[in-house]
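Reading through the structure tokens given below for one structure.
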Amino acid sequence: MKIAMIGTGYVGLVSGVCFSDFGHEVVCVDKDPRKIEMLERGEVPIYEPGLDTLMAKNVEAGRLTFTLDLAKAIDGAEAVFIAVGTPTRRGDGHADLTYVMAAAEEIARAAKDYVVVVTKSTVPVGTNAGVREAVAAANPALDFDVASNPEFLREGAAIDDFMKPDRVVVGVETERAAKVMEGIYRPLYLRDFPIVTTDLESAEMIKYAANAFLATKITFINEIAALCEKVGADVKQVSKGMGMDERIGNKFLHAGPGYGGSCFPKDTKALARIGQEHASPISIVETVIKVNEDTKRRMIGKLLDLCGGSFNGKTVAVLGVTFKPNTDDMRDAPSLTIVPALVGGGAKVRVVDPQGRREGEQLLPGVDWATDPYRAAEGADLLVILTEWNEFRALDLTQLAGSMATARMADLRNIYSPEDARAAGFTGYESVGRSGFESA
Ligand SMILES: NC(=O)c1ccc[n+]([C@@H]2O[C@H](COP(=O)([O-])OP(=O)(O)OC[C@H]3O[C@@H](n4cnc5c(N)ncnc54)[C@H](O)[C@@H]3O)[C@@H](O)[C@H]2O)c1
């Protein structure tokens, strides 16, 4: 089958590469010439493990190409996927649909034969119907259907998630569109991965409800963590004991500095907004958004305590700035709240991140970038672990403590334990949801 993919970001590029690996002929389109030039040179504009190899394999096989020319890409395509960004609209929390609607109109103007216009971007309920209207208005003679196919991949594990999904959700209105979508996902269907076929609105809602639920689960354990600190419980043990209950499950139950990333913050805000617009508020999600902000601020309080009440004149080493490991994505990362608070408070901040520097250099002004944790920690007053990259999981804590001016650690991902820190010579240690210590 021939497929066009509009948008070569974290979702569009991974989807395009994986569809070509299924054996389809895929043309990926982006309006950013820099990205298309890189892709044509065989370079991947984002960091996603395994993507370079899979992309090269399918380009080599002649199934995967890149272009700036949307009309060329959709010529002869049975389906065209919209995988452009839907960021938070400034001011009101609503998803900004400018890019989706612009793509829909471009498709309408370029398409000649029957095509299924598939929205992969995360969009509010009713958007696919809006896409249908926009395409029909821009090209009344065009024979087409719309389909909603929200994406559930996780950055950092995107290829595996796409190739081995828990489920694929497809919202359609016609048999004909259902057949096209079935053909596209046939390789997964044959391997017994479940395909959930729904109406357009339910498919759109599934995506927001799923993300809001996961954000709620994280926020729930973060609030329990705050209480654990007050009552002397250990949130890691609490998570373990809770997660063993199959009705609860152990995923997304790790306490930390608050959720961030390209999806949860904007999707929770958009869902809350959709609820308000329909006079059916999702109060739980509204609270989750607020508690998550409080959680990030609570972390700043911990750092302040470890710095004796002021950041002024302190040197702080920050390990990890991306919103999670194995990605270079910095969108809404907790580091964007925490690092500016350190810099603004007068600290000298040194940052290390295996992939975060390219994005982070612009987003985190006033910091120094170090190449490894040991250099960052030399002479520092505080070490902060903000992202749990594997590189930070087995550090020589004794060496770190020995090289610091005051050996204090804020382990905001609970990678180490108070005992580890004390034994290595740290004189102060705080984590999330567990008792820390501070020696005089
Ligand atoms: N990032 C994730 O982990 C993830 C997971 C699931 C769903 N989603 C959803 O997928 C969508 C895309 O997210 P992303 O992270 O890939 O975004 P992104 O910002 O990384 O990529 C979007 C790309 O679309 C391109 N683009 C915009 N308008 C275009 C047009 N008219 N023609 C051609 N190219 C155009 C941009 O240049 C950009 O390269 C969003 O709705 C997001 O919520 C993202």
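These numbers were taken from a predicted model, which means no experiment stands behind them. Read the numbers this way: they start at 1 and go in the same order the structure lists the ligands and their atoms.
Considering backbone and side-chain atoms alike, Asp32 places every N or O at 3.5 Å or more from each N or O of ligand 1.
The option with the heavy atom closest to atom 11 (C) of ligand 1, from among Leu68, Ile46, Val84, Val11, is Val84. Counting heavy atoms only, Arg331 comes closest to atom 19 (O) of ligand 1 of the residues Glu48, Lys31, Arg331. Remark: among candidates Asp30, Val123, Thr8, the nearest residue to atom 36 (C) of ligand 1 is Asp30, based on non-hydrogen atoms.
Looking from atom 42 (C) of ligand 1 to the surrounding protein, the closest heavy atom is Lys266 NZ, 3.8 Å. If you check which protein heavy atom lies closest to atom 1 (N) of ligand 1, you get Glu155 OE2, 2.7 Å. In this structure, the protein non-hydrogen atom closest to atom 24 (O) of ligand 1 is Gly7 CA, 3.4 Å. Counting only heavy atoms of the protein, atom 6 (C) of ligand 1 lies nearest to Glu151 O, 3.1 Å. The protein non-hydrogen atom at the shortest distance from atom 9 (C) of ligand 1 is Thr122 OG1, 3.5 Å. Protein heavy atom closest to atom 21 (O) of ligand 1, with residue, atom name and distance, is Gly9 CA, 3.2 Å. When only non-hydrogen protein atoms are considered, atom 32 (N) of ligand 1 lies nearest to Ile6 CG2, 3.4 Å. Here the heavy atom of the protein found nearest to atom 41 (O) of ligand 1 is Thr86 OG1, 2.6 Å.
Phe81 has its ring centre less than 6.0 Å from the ring centre of Phe19.
Side-chain N/O atoms of Tyr10 and Asp328 include a donor and acceptor closer than 3.5 Å. Side-chain N/O atoms of Thr219 and Asn292 include no donor and acceptor closer than 3.5 Å. Checked by atom type, the side-chain pair Asp199/Ser202 shows a donor-acceptor distance below 3.5 Å. With no hydrogens or angles considered, a side-chain donor-acceptor pair links Lys266 and Thr86 at under 3.5 Å.
Classification of Arg273 and Asp267 as a salt-bridged pair fails, no side-chain N sitting under 4.0 Å from a carboxylate O. Electrostatic pairing of Lys35 and Glu43 does not count as a salt bridge here, judged by no charged N lying under 4.0 Å from a carboxylate O.
The part of Ala83 lying near ligand 1 is the backbone, judged by heavy-atom distances below 4.0 Å.
A distance-only check finds a donor-acceptor pair linking the side chain of Ser417 to the backbone of Asp420 [under 3.5 Å].
Counting the atoms of ligand 1 from 1 in the order shown, those under 4.0 Å from a heavy atom of Gly85 are 22 (C). Short contacts between ligand 1 and Lys207, defined as distances under 4.0 Å to a heavy atom of the residue, involve ligand atoms 6 (C). Of all atoms in ligand 1, listed by their number and element, those nearer than 4.0 Å to a heavy atom of Ser262 are 1 (N), 2 (C), 3 (O). Distances below 4.0 Å separate heavy atoms of Lys35 from the following atoms of ligand 1: 38 (C), 39 (O).
Exactly one residue among Gln355, Arg154, Glu155 makes a side-chain hydrogen bond (donor to acceptor under 3.5 Å, both in side chains) with Thr327. That residue is Glu155.
Ligand 1 lies out of reach of Ala102, whose nearest heavy atom is not under 4.0 Å from it.
For the pair Phe66/Glu37, no side-chain contact is recorded, criterion being any heavy-atom separation below 4.5 Å from C-beta on.
Both the sub-6.0 Å distance and the 45° axial angle are not jointly satisfied by Arg186 relative to the ring of Phe22.
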